[in-house]
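Whatever order the structure lists ligands and atoms in, that order sets their numbers, starting from 1.
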Amino acid sequence: EAGEAVPASQRGSWTAFIKAIASFSGDLSSLTAPPFILSPISLTEFPAYWAERPELFSAIADAKNAESRMLAVLKWFISTLKGQYTSRNDQMGSEKKPLNPVLGELFYGHWPDRNGRGETRLLVEQVSHHPPITAYMITNKAKKLALQGHSAQKTSFSAGSIIVKQLGHAILNVELPDGSKEQYLITLPRLRIDGIWYGSPYIELTDTSYIQSSSGWLSTIEYKGKGYFSGKTHSFKAVVTGPNSTSTKHTIEGQWHTTSKMSGVPFHDVQGPKEEVTVATAEEQTEWESRKLWNLVAKGIREGDYELASREKSKIENEQRQRRKDELAAGAPWQLKHFVHASNDPDYERLAKMCKVQPTTEDCYVYQGNGPA
Ligand code: CLR
């Protein structure tokens, strides 16, 4: 029988869910999971994790040269990992299965200007349903920063864990005081979801991710869990190299969910509180905005009224199916609101070439500049 964190009445369906995962590779979002593991939050909300420490994001613009900007980008990036990968455990007791966004689902938010950091704005659109792909744009206009990316996952099952390969990437655009432009390609780590059998899943990061700057600076970030280089959970080691050079200029080591050091000096520290994104209430939102769209499903999950949750979820799914049929019949496919799909991206290709280990081409979603970010 399945583990202790699973409510007795849901053990059978949890075992069935694990079997389904194990014999399956691709899009986990379509598998039906027992209620105890459901989260009331849609994946379209996840890009907010990139900016929950707005002052670290804005600090990138205040750095004085390419080397210190790379360190500022690295510090901001490492500081997002705790929110990205442990916050469901902190808030809901374990990793959960997020709501699977519908095509065209939107999520807007902002972090207010405070202490001269400028206002940070977030815009998210679900640009594909099968497979799920989420595109986002995060801007700080006062600081001339724009982060644009898209996110998708390929999942498989190995030795009792779910392995998640993240597809997509993000590009950070920085406009310097002299008007010139600097870019950072941010690639994403691989995830291993452990604790499945016990019904208390949590994420460990594995392998390597990169931050490649157009200035030539490169950060190579290696991730290890318990029992590897420091023996501690959520460990990482980042090596920073300068333009046209392979010799290490900086090494940062620590645990991404707490603190790290660079040459014995404190580097990042995420033990203090983060700042959640400000969003309109469900009542104020329009039909396609996430919290309005999923309002009753989320209510059902939060209050343990799974009948309500599944009834409302079916309503949304049926409406979506009908919409796709109508579009097909009319020969008028769904039009994205804020992004346009492109099968290649010259910015990505240039940076990927500098980074060497990256695939030379990837598709992208180009922001049309027509939204609140
Ligand atoms: C989405 C992009 C974010 C980082 C991130 C964090 C958690 C990931 C999520 C991404 C994708 C979906 C994900 C989730 C953890 C669990 C969930 C892989 C990569 C899967 C679909 C649910 C599995 C069900 C188990 C919890 C049983 O920037």
(message) Would you say the ring centers of Phe36 and Trp14 fall short of 6.0 Å from each other?
(response)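 Under 6.0 Å, so yes.
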(request) Flag yes if Phe157 and Ile37 sit in one hydrophobic cluster, no otherwise; membership is Ile, Leu, Val, Met, Phe, Trp, Tyr, and two members link when side-chain heavy atoms are under 4.5 Å apart. (result)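 Per the 4.5 Å side-chain linkage, Phe157 and Ile37 are co-clustered.
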(message) Is there a continuous path of hydrophobic side-chain contacts, each under 4.5 Å between heavy atoms, that joins Tyr136 to Phe77?
(response)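 Same cluster.
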(request) Answer yes or no: is there a side-chain heavy-atom contact under 4.5 Å between Asn100 and His129? (result)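 Yes; the side chains approach each other to less than 4.5 Å.
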Ignoring hydrogens and angles, write down the donor-acceptor pairs under 3.5 Å from the side chains of residues 295-306, residues two or more places apart or on other chains.
from: Lys299; atom 1: NZ; to: Glu303; atom 2: OE1; distance (Å): 3.4
from: Asp305; atom 1: OD1; to: Leu308; atom 2: N; distance (Å): 3.1

Short N or O contacts of ligand 1 with protein, under 3.5 Å, listed by atom name?
from: ligand 1; atom 1: 28 (O); to: Gln84; atom 2: OE1; distance (Å): 2.6

(request) Look at the rings of His341 and Tyr365 and say which category their plane angle falls in: under 30° parallel, 30 to 60° tilted, over 60° perpendicular. (result)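 Tilted.
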